[in-house]
Protein chains: 2
Amino acid sequence: MDPHLLRTFVAVLDHRSFSGAAAALGYTQSAVSQHIAALEADLGSRLVERRPVAPTPAGARLLEHAPALLLRLDAARADIARLHQTRPTRLTVACSPAALGATVAGALAELRAVTHSLDVEVRVTGRDAVLADVVAGRADLGFVDGAAAPSDPLPMPDLGPMTTLAAAEETLAVLFPRDHPLAERRAVRLSDLTQAQWIDASDTAVPLDRLRAVCRAEGFRPRIRHRGTDLHGLAALTAAGHGLAALPLPVAAALPGIAAVPVSAPRLVHRTELVHPANPTAPARQLVDLLTTRRLAADAGRR
Amino acid sequence: MDPHLLRTFVAVLDHRSFSGAAAALGYTQSAVSQHIAALEADLGSRLVERRPVAPTPAGARLLEHAPALLLRLDAARADIARLHQTRPTRLTVACSPAALGATVAGALAELRAVTHSLDVEVRVTGRDAVLADVVAGRADLGFVDGAAAPSDPLPMPDLGPMTTLAAAEETLAVLFPRDHPLAERRAVRLSDLTQAQWIDASDTAVPLDRLRAVCRAEGFRPRIRHRGTDLHGLAALTAAGHGLAALPLPVAAALPGIAAVPVSAPRLVHRTELVHPANPTAPARQLVDLLTTRRLAADAGRR
DNA sequence: TTAAATTACGTAAGACGTAAGGATG
DNA sequence: CATCCTTACGTCTTACGTAATTTAA
């Protein structure tokens, strides 16, 4: 199970094609064919159904492991690379769309005010890509968002030594089209909406399986899928009646054409967490410190 | 980062010797030396200090990833192997020592009574080895134990698609020597014992870092280390005054020469969880079903 | 018939063992 | 000086590309 073979395996199933994967990876078709054959020989099962290209049951099992494995391999490499990097003058922040709210933007502004000649780059990507970027060292730190019980941490996959820090907690809201019967409500119960039409926008809004988990309920069946990280596009889909979506209230309230209604039950918040490697880069540590002291100040002020 | 190279890397640091690792892995010293050199060239850092053999900082980082990576590689292989296995006539159960209490033993007995010609094997190992055995397919399922708040799950590392099931909850107890001042108490507060002398017996008793985690306190400093899975030996160490240990009360009460005192605060239980792959073998599923119906019966009886 | 995967085969790189060479306690 | 790691080198295996062959929509 050479990582190269796993990488081509994943690419083949992503592209649903041997030749497509070959082009993407810079191999010839033949090499890709040999890779898959080698993996299948090694594991003693057919992994890929050909024409059309699709995973066999064994291939499906392998697909549950291979991406995580490749990610952690990158994480190991990045962890070591961080050791002999010289103190960098650039801070790269990976961020999921709903995490880029006032708290995060404000903290970044404060950081730029405090530091001189610090080049800050913000990459807005899907939730999984944030973690992947941080873990593989393509970003110094990341902000991920999700729904959770108040002061409960978000679940994170185990990809090596990482530290998380609560960055913000906001009211969770549901996006309705303006003419929806519930749009005028002061609040809605999420558990009443399990049978509603939802938009599967796992990169942008709170993923539906997360809603299922925090509500401990089935349902939240998607009607349409939204790819990408475009909040306005998502709002447009909701406004046009394609389905509902869950977002933090401050973000949702600023979106045009929709009604944002706070969630009253179960008691949930929208949570943003900062995640960074256990051995962060210097500017990353600076931002972490800044957010920590901010939180301490806020906590003190609240008393 | 070929898995073979990672494997020798781990072996070298385990054995603190190139030649020792070579013997263990069936290579020549030379091959091991070349493996390490190849890894170091690939990652661009020295990973191993020689004479004496020890990890460099970069090597230490890699050591946080390599074992998990290798384990998951085994997990992937085992997951696929389970697919084309024929319905087996043997059930292999991996079990940590404190998990093998009345509930687990009883369930196994019931299973043997119900099934004909089922060969059951129980492997008692350390906590981590239970997971490794299950994940790598050396056991059909495992029982792990630990301390937790009532009805809270034990934390599990993410090693792929796995299912856990609460198997038993028992009172948590601390082992004292008979002549200890607290030995006659009806109950003790764990939080009062952070400064006591403890035995580091992470394979057998509740690991000290787990106690720190559930108490949210520092302390529980080990005085002596106990390796292996021998409950009676552990009791002997405690009886001789080497230090305290935490175990489930039913197990602890049966040990000779010591006093077992229930823990009253923080509110904690000793928890045993069954862990099995998402695609379990047939007899594993049978045992899971048996335990589930048992729990349902117990829950019904309690009302 | 044609797009697409497999097989055959040649070259070049890599992996491992043997054995000689260094370093270190 | 003895132990243990490294380097040099020879052999065998493996990986990949080119090109011919087979397969399936």
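So you know, we letter chains A, B, ... as the sequences are listed, proteins then strands, and number each from 1. Quick caveat, the model's predicted, so the values are computed rather than measured.
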Once you round it to whole Å, what is the distance between P of C/dT7 and CD of A/Glu40? 10 Å
Output the single nucleotide from C/dC16, C/dA8, C/dA23 whose closest atom is nearest the side chain of B/Gln34. C/dC16
Could you state the atom-to-atom distance from CG of B/Asp2 to P of C/dC16 in whole Å? 8 Å
May I have the distance from A/His4 (atom NE2) to C/dA13 (atom C1'), rounded to whole angstrom? 13 Å
Considering only heavy atoms and no angle criterion, is a donor-acceptor pair shorter than 3.5 Å present between the side chain of B/Arg51 and the base of D/dC5? no
State, without any angle test, whether A/Gln29 and A/Ser33 hold a side-chain donor-acceptor pair at a distance under 3.5 Å. no
Using only modelled atom types and a 3.5 angstrom limit, is any donor from either the side chain of B/Arg50 or the base of D/dT6 paired with an acceptor on the other? no
Among the nucleotides D/dC4, D/dT23, C/dT7, which one has an atom lying closest to any side-chain atom of B/Gln29? D/dC4
Can you tell me the distance, in whole Å, between the CD1 atom of B/Ile36 and the P atom of D/dT7? 13 Å
What is the distance, rounded to the nearest whole Å, between atom CZ of A/Arg16 and atom C1' of C/dA4? 17 Å
Atom CZ of A/Arg46 to atom P of C/dA5: distance rounded to whole Å? 12 Å
Phosphate OP1/OP2 of C/dT7 contacted by A/Ser30 side-chain N/O (<4.0 Å): no
Does the side chain of A/His35 get closer than 4.0 angstrom to OP1 or OP2 of D/dC16 through an N or O atom? yes
Rounded interatomic separation in angstrom, taking CD from B/Glu49 and C1' from C/dT24: 14 Å
Here the distance between atom C1' of D/dC5 and atom CG of B/Leu47, to the nearest Å, is 16 Å
Using a 4.0 Å heavy-atom cut-off, does A/Val32 contact any base of the nucleic acid, only the sugar-phosphate backbone, or nothing at all? nothing
Begin with the C-alpha distance, continue with both residues' side-chain angles, and end with the deciding distance and a verdict on salt bridge (Lys or Arg N to Asp or Glu O under 4.0 Å) for B/Glu121 and B/Arg90. CA-CA 7 Å; B/Glu121 176 180 332; B/Arg90 150 178 288 213; 2.7 Å; yes
Check whether any side-chain nitrogen or oxygen of A/Ser19 sits under 4.0 Å from OP1 or OP2 of C/dA5, and answer yes or no. yes
Is the phosphate of C/dG17, meaning OP1 or OP2, less than 4.0 Å from a side-chain N or O of B/Tyr27? no
Could you check which of C/dA23, C/dA3, C/dT6 has an atom nearest any side-chain atom of A/Phe18? C/dT6
As an exercise, state the distance from CD1 of B/Ile199 to CZ of B/Arg223, rounded to the nearest 0.5 Å. 10.0 Å
Charged N-O contact under 4.0 Å between B/Arg127 and B/Asp203: no
Quick one: is A/Ser33 getting a side-chain N or O under 4.0 Å of the C/dT6 phosphate, OP1 or OP2? yes
Salt bridge present between B/Arg77 and A/Asp42 (N-O < 4.0 angstrom): yes
